[in-house]
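Convention: sequence-line order gives letters A, B, ...; per-chain numbering from 1. Note that the structure is predicted; figures quoted are calculated from it, not measured.
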Amino acid sequence: MSEYYVEVRNLVKLFKDPATRSTVRAVDGVSFGVEKGKLVTLLGPSGCGKTTTLRLIGGFEIPTSGEILIDNAVVNDLPPNRRPTAMVFQSYALFPHLNVFENVAYGLKARKMSREIIREKVMNVLAIVGLVGLEKRYPNQLSGGQQQRVALARALVVEPKVLLLDEPLSNLDAKLREQMRVELRKIQMNLGITSIYVTHDQLEAMTLSDYVIVMKDGKIVQTDTPEMLYRFPANVFVASFIGRASFVEGRLIEQRVNECLVELRNGKKINVEIRPGVTFSPEQEVLLVLRPEGGKFVPSKEGLLSGEVITRVYTGSTFYFEIKTDLGQVSVEMHSHDMRAIPQVGEIVGVDFERSSVAVVKKE
Amino acid sequence: MFTKQMRRLLNEPVLLAMIVLVWVLLALFVVYPLFMVGLKSFEPKPGVFGLSVYRTIFSKRYFLVPIFNTLKLGVTVACFGVLIGYVFAYSVAKANVPAKDFFRTIATFPIVSPPFVVALAAILLFGRNGLFTRKLFGGTMPFEIYGFWGLVIVETLAYFPTAFLTLEGTLLSIGSDLEEASQSLGCSKWKTFWRVTFPLSLPGVLSAWLLVFSQSMADFGNPLVLGGKFHVLSVSAYLEITGSYRLPHGSALAIILLIPTLIAFFVQRYWLSRKSFVTVTGKSFLSKAMELPKLAKVILTIVCLILTASIMLFYGTVLFGSFTKLWGVNHSLTFDNYKYVFNFSWEYLKDTLVLASIATPICGVLGIMIAYLVARKEFFGRRLMEAFSLLPFAVPGTVVGIGYLLAFNQEPLILTGTALIIILVFVFRELPVGVQNGVAALYQIDKSIEEASMDLGCNSYRTFWKVTLPLLMPAFFTALFNAFVRSMTAISAVIFVVSAKWNLITVRILGAVSNGDLAQAAALSCTLIGIIVVVMFLMRFVTVNISYQMRLRRVEK
């Protein structure tokens, strides 16, 4: 018995690229587990293998090697229609020849349920996604957000053990996307449905997930809660992919239990918090990860870094600065209601960072 | 609104001149001949008008039988053609059968070859001296190849590619995500096909059915060669006019032939096209081939194999036949038939090449010009201009031929017997492809691209040459290729306008077949196919070097 509801063991998927005739390792030895009722996000840039992984779990691709378990049963050899999964497609894939009701009822009919039960279940799920009254509409008579809800309802109504979501919000405009994001999470938590979500939008991953799995080139780079991912990125890729960060080179002097001492090129030293269990070798070249929102301005000689403000952008809620220092360019973000002095472009400033906004990764 | 448009047009004299020119040409060479056919059918004796011709036709068995025969043949061929076309299209587009490029190439063969070559092959194989008749059935065929079933086989083979291409397009446009969604929701592949794929492809099925139906209705070469006692409208109309010199009766039969094909055309074009389910999502999807169960895949592959094998058998027979001494009697190989072709039929070949080569560029330029006017300019009667320029799609060649015969045999335009009348038939018969491709290509080119060019300082004339035309090149070359090939292989319309001075290779082949010179007919057909293949390669070479799409593709590699 595994503690996980969904488990993927050493999954590999090779593709033949028809253009170059070479073999592409789309998914390259991926293993992870999802606990019951949790929402896990596969996050990564396009081509990192996240969608292929999802399609492997859904049964649309056949793995080259490895195992997929759902509720402790190996499902490798089951076709999609016999797997306890339901997928929400990026394109929604609504059947254009069926109306909303028929679209949602589709999976129930496939399960040969009685007319009354189908009616009841469809109406229930339409109430959950807020589409009551639109049953007779056809997909091309719906707005993007409504189509999205139908796609979700259609997958939810068959009560799958696992809900698979392939970039479901990427076709919506920014405002609607934010709204659907919150709604999606609410529905998922209320129903307690185990979900695997694929996205390339780090903000989406952070706000939705219990766990985030960051992927790159077919491999998993880091698996963590959103907070830990942000606070302790495993490497430069994760640090720069998730949130904004500036990097400054340094050398590790000393490692203690959960912090280490790093010396910068300008001679300044700084104590950086690290997560327990991570080890660096002494004298190792490292990069400091500096989150802009933890930055603050100090008199020019006092800060960790000093330099000239070269950009100042007002975004409404914040001021965003770029500072050219002797160790490279760093960014600082300040709340616009911050009462402290706001520097001008061309000003020479010192910059310091809150302890909670600094992390350290190995230099690659 | 109308006056405003007129005023704007008056400010652009070149545009106005183009519009007037196109209208005059369409009126003269598309509408006027058709009008003459209609008029003639109501004119039993010169100067006397009335319904007596139609009364005769609808009361005599002699005329009624071809009407029913034509419809019966059309419906049967359309049903078989669509069925086979669907299986073939599904195998190639959705089922991921092996060697699909090969299947695809072979299946499109009948489209570019002369239409009656399949009939010729059928005679070579199943005729009285046929290879199969002699070797397999010992001299007597279990069924008569001359007649209804022979025509069904031949026309199905000749026209199923149309259904195949239409349905392939339809099936490819059904996103595989829909099929995956269906499976994800619990339907098996079999159920997914019947609940999602098939219902979504229905508009395409109907469309393909109507296209094949029209093609079969309009077919002239195959029924003439293979019809035997089974008369169809196109052949009857031809015989009425050239055999019995009864122009009114021939015209009336032509009009009766025209009505169902026109209906089929308008239903297909203006009603079905709106029924389509495609273009629902704005997202571009890949149509991935679904992995079918082994057994299904094997069955589909076998069906495709049988079909391509029979196409290859038919064409191979013609090729073989062209090298034999005397078909059915002496099968020793010889080049005599080809010598004969170049000695005695060279004039026909030369005329065909010359006339088609003159007609092709005119047809291409005119087609693109009309497409540009229709898709990019605002003027009164724009839609009507498009409809008229597409009309030749719907009109059977026989009707056009009779129309030209009637219209240009009298003042003010006497063209009968000239090369010009043949060129005109070529140009206006093949005009629709250029217009249609051009319009489609222009609708795909975002107007903002042209606006950007104007914004950057090019006037509309320069914009057309520098931006629009290069983007239109692929459509233009397709139109050229199509016009050339179809002119080289045309028969149903031109047979009415050829003369002793200007004759065509296809007419010569039909003559050879009816004289029983099968080996020579085969050699002539092979020569014609050879020319088409050479032109096809030339065209591809030109397209590769000129069109920007190809250049892009090369850069990507």
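- Two residues are said to be in side-chain contact when any heavy atoms from C-beta on lie closer than 4.5 Å; Asp177(B) and Tyr92(A) fail this criterion.
- Listed in order of number, the residues of residues 116-136 of chain A that approach chain B to under 4.5 Å between heavy atoms amount to none.
- Smallest separation of non-hydrogen atoms from His97(A) and Pro199(B): CD2-CB, 3.5 Å.
- Along residues 81-89 of chain A, the residues that come nearer than 4.5 angstrom to chain B, judged on non-hydrogen atoms, are Asn81(A), Thr85(A), Ala86(A), Met87(A), Phe89(A) in order of number.
- Summarising the local packing, CD1 of Ile62(A) is surrounded by 12 or fewer heavy atoms from other residues, nucleotides or ligands at distances under 6.0 Å.
- Annotation: side chain of Leu178(B) is not in contact with side chain of Ser91(A) (no heavy-atom distance under 4.5 Å).
- Ser182(B) has its side chain within reach of Phe95(A): a pair of non-hydrogen atoms, C-beta onward, lies under 4.5 Å apart.
- Within 6.0 Å of CZ in Phe80(B) there are 12 or fewer heavy atoms belonging to other residues, nucleotides or ligands.
- Interface residue Ala155(A): only backbone heavy atoms are found under 4.5 Å from chain B.
- Note: Glu180(B) CD to Arg55(A) CZ = 4.0 Å, rounded to the nearest 0.5 Å.
- Shown here is Met312(B), whose CE atom has no more than 12 heavy atoms of other residues, nucleotides or ligands within 6.0 Å.
- Checking side-chain atoms of Arg111(A) against main-chain N and O of Leu185(B) turns up a donor-acceptor pair under 3.5 Å.
- Contact check for Ser184(B) versus Phe60(A): side-chain heavy atoms found under the 4.5 Å cut-off.
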